[in-house]
S.K.: 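Mind looking over this structure? Questions follow.
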There are 2 protein chains.
Amino acid sequence: MGRMEQRAAGDTRDRIVQVTARLLQRQGYEGTGIKQIASESRATLGSVYHFFPGGKQELAAAAIRHGDQEFADLLRSALDSEDDPGKALVACTRELAAGLRDSDWTDGCPVTATALETIGRAPDIQLACAQAIEHWQDLVAGKLLACGFAADTARELASTVVSTLEGAELSAQVARSEEPLHTAGRHLARLVACYAPDATAR
Amino acid sequence: MGRMEQRAAGDTRDRIVQVTARLLQRQGYEGTGIKQIASESRATLGSVYHFFPGGKQELAAAAIRHGDQEFADLLRSALDSEDDPGKALVACTRELAAGLRDSDWTDGCPVTATALETIGRAPDIQLACAQAIEHWQDLVAGKLLACGFAADTARELASTVVSTLEGAELSAQVARSEEPLHTAGRHLARLVACYAPDATAR
DNA sequence: CACATTCTAGAACGAACGCTCTACTCAGTA
DNA sequence: TACTGAGTAGAGCGTTCGTTCTAGAATGTG
């Protein structure tokens, strides 16, 4: 009853979204063309516009949501890998640095480039970007809450943590060096220690 | 002796660079066209290619260097406005937040968008971006050195400070809120206090 | 079988892209 | 006066852009 076709169709749709997400991450919104997306995802223009009748904007918003999840998965697994919140943040920077190095510094944050280009001119995409950042902040705040931090403190720290991760990843990409990320990791660990619930900031 | 023409010519060149810098800041590299640059700077295509025979890339690199100086001026004046390094960093975030608010969140860092789009595909531009970030780090490190921080500590902190400022400005733009910047300012002040030469981190 | 629906396929459209090119203006020099 | 060199001006090059459109393949249902 149509499972096969629908599966195949779903595969095509997913392939389009995944390829778009990667291209947006590497070349930004204006630098990525629909025809490139179609050819690299082994789909045709007809298919792309069939699944995304809203055109490039709708497709980009879907791809940003995909990148949101991808980044969230990395963040979640790094945060869960350590009990101590400071060590967990260092694990985050280590994972980000590894991803950058392995991609020869091409695969940074899957959202940043598109977010910056579309500010104030593509509300759907900007919304998806804002939700992504909120989502990542929630993950960090959740970790801090689980470690006993006060709710307000956790939320504020999470904001700065995500900002710093974003900025350090940018610095690392531009400088082609892991150092900004590793340094940021150490400093973030020190920062959260200042606000730790067991007041003895070492 | 041709002073007038040369002045007028220099004015045209400067106008082109300034307009390009602003457009790159707001729309990124791929989103900014040479013809838009020409029309908004009241120059013609012929003039643009006369002053920048290397085309879009050469012009963009010059505009990035201009944005570097612009951002450095803001940073320098904010850092000089306070003796205490923590308060100086808060002043930086306050200035950045004011700039964002006044431009309805369109004028963020003049380098970031272009940097992300051209990573690994336009070496001249990427170099200019890397030098800009280094430049800003040097300003922050200089302030910390002047406050008595150890050289290594100052350099590392400066890296994280600039990363956090970049990331917080991005977060603020996407969320259309000053909060990420103000929060980051408080946290950066707390962070540098941890490494202050007078070891009594309050 | 016919029939609708879903998805694939790519030609074609007008607009915009970066860039090249020739023609021109105009002050300074010999 | 003739010439030079800097800068202005914009038509036009080939290409690519996002999008639209029609045609057909594939599958499920009556």
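Proteins come first, then strands; the chains are lettered A, B, ... in the order of their sequence lines, and each starts at number 1. Predicted model only: the values in this text are computed from it and were never measured.
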S.K.: Taking atom C1' of D:dG18 as reference, at what distance in whole Å does atom CZ of A:Phe52 sit?
M.R.: 16 Å
S.K.: Rounded to the nearest angstrom, tell me the gap between atom NZ in A:Lys56 and atom P in D:dT16.
M.R.: 15 Å
S.K.: In whole Å, I'd like the distance from the CD atom of A:Gln36 to the P atom of D:dT16.
M.R.: 12 Å
S.K.: Decide yes or no for B:Ile16 and B:Phe52: does some side-chain heavy atom of the first lie under 4.5 Å from some side-chain heavy atom of the second?
M.R.: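 Yes, their side chains come closer than 4.5 Å.
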S.K.: Taking the side chain as every heavy atom from C-beta outward, state whether A:Arg176 and A:Asp104 have any atom pair closer than 4.5 Å.
M.R.: yes
S.K.: Side chains of residues 60-68 of chain A: which donor-acceptor partners sit under 3.5 Å, not counting sequence neighbours?
M.R.:
{"unit_1": "A:Asp68", "atom_1": "OD1", "unit_2": "A:His135", "atom_2": "ND1", "d": "2.7"}
{"unit_1": "A:Asp68", "atom_1": "OD1", "unit_2": "A:Trp136", "atom_2": "NE1", "d": "3.2"}
{"unit_1": "A:Asp68", "atom_1": "OD2", "unit_2": "A:His135", "atom_2": "ND1", "d": "3.4"}

S.K.: Distance-only check: which donor-acceptor pairs under 3.5 Å involve side-chain atoms of residues 80-87 of chain B, not counting sequence neighbours?
M.R.:
{"unit_1": "B:Ser81", "atom_1": "OG", "unit_2": "B:Ala78", "atom_2": "O", "d": "2.7"}
{"unit_1": "B:Asp84", "atom_1": "OD2", "unit_2": "B:Gly86", "atom_2": "N", "d": "3.1"}
{"unit_1": "B:Asp84", "atom_1": "OD2", "unit_2": "B:Lys87", "atom_2": "N", "d": "2.8"}

S.K.: Whole Å only: how far is the CD1 atom of A:Ile34 from the P atom of D:dG18?
M.R.: 6 Å
S.K.: Heavy atoms under 4.0 Å, any strand shown: does A:Thr32 hit a base, just sugar-phosphate, or nothing?
M.R.: sugar-phosphate
S.K.: Check the distance between D:dT20's P and A:His50's NE2 and give it to me in whole angstrom.
M.R.: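 Atom-to-atom, A:His50 to D:dT20, this comes out as 15 Å.
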S.K.: Between C:dT8, C:dC19, D:dT19, which nucleotide gets closest to the side-chain atoms of A:Phe51?
M.R.: C:dT8
S.K.: What's the CD-P distance between B:Gln57 and C:dC19, to the nearest Å?
M.R.: 8 Å
S.K.: Report the distance from atom OH of B:Tyr49 to atom C1' of D:dC13, rounded to the nearest whole Å.
M.R.: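 Interatomic distance, OH of B:Tyr49 to C1' of D:dC13: 13 Å.
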S.K.: Which whole-number value in Å describes the distance from B:Ile37 CD1 to C:dA16 P?
M.R.: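 Taking CD1 of B:Ile37 and P of C:dA16, I get 16 Å after rounding.
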S.K.: Of B:Leu188, B:Thr164, B:Thr160, B:Val161, which is the lone residue that meets side chain to side chain contact (heavy atoms under 4.5 Å, CB included) with A:His187?
M.R.: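 Of all the options given, the one that passes is B:Thr160.
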S.K.: Taking the side chain as every heavy atom from C-beta outward, state whether B:Ile34 and B:Tyr49 have any atom pair closer than 4.5 Å.
M.R.: yes
S.K.: Tabulate protein N/O versus nucleotide N/O from nucleotides 9-15 of chain C, keeping only pairs under 3.5 Å, one per line.
M.R.:
{"unit_1": "C:dG10", "atom_1": "O6", "unit_2": "A:Gly46", "atom_2": "N", "d": "3.4"}

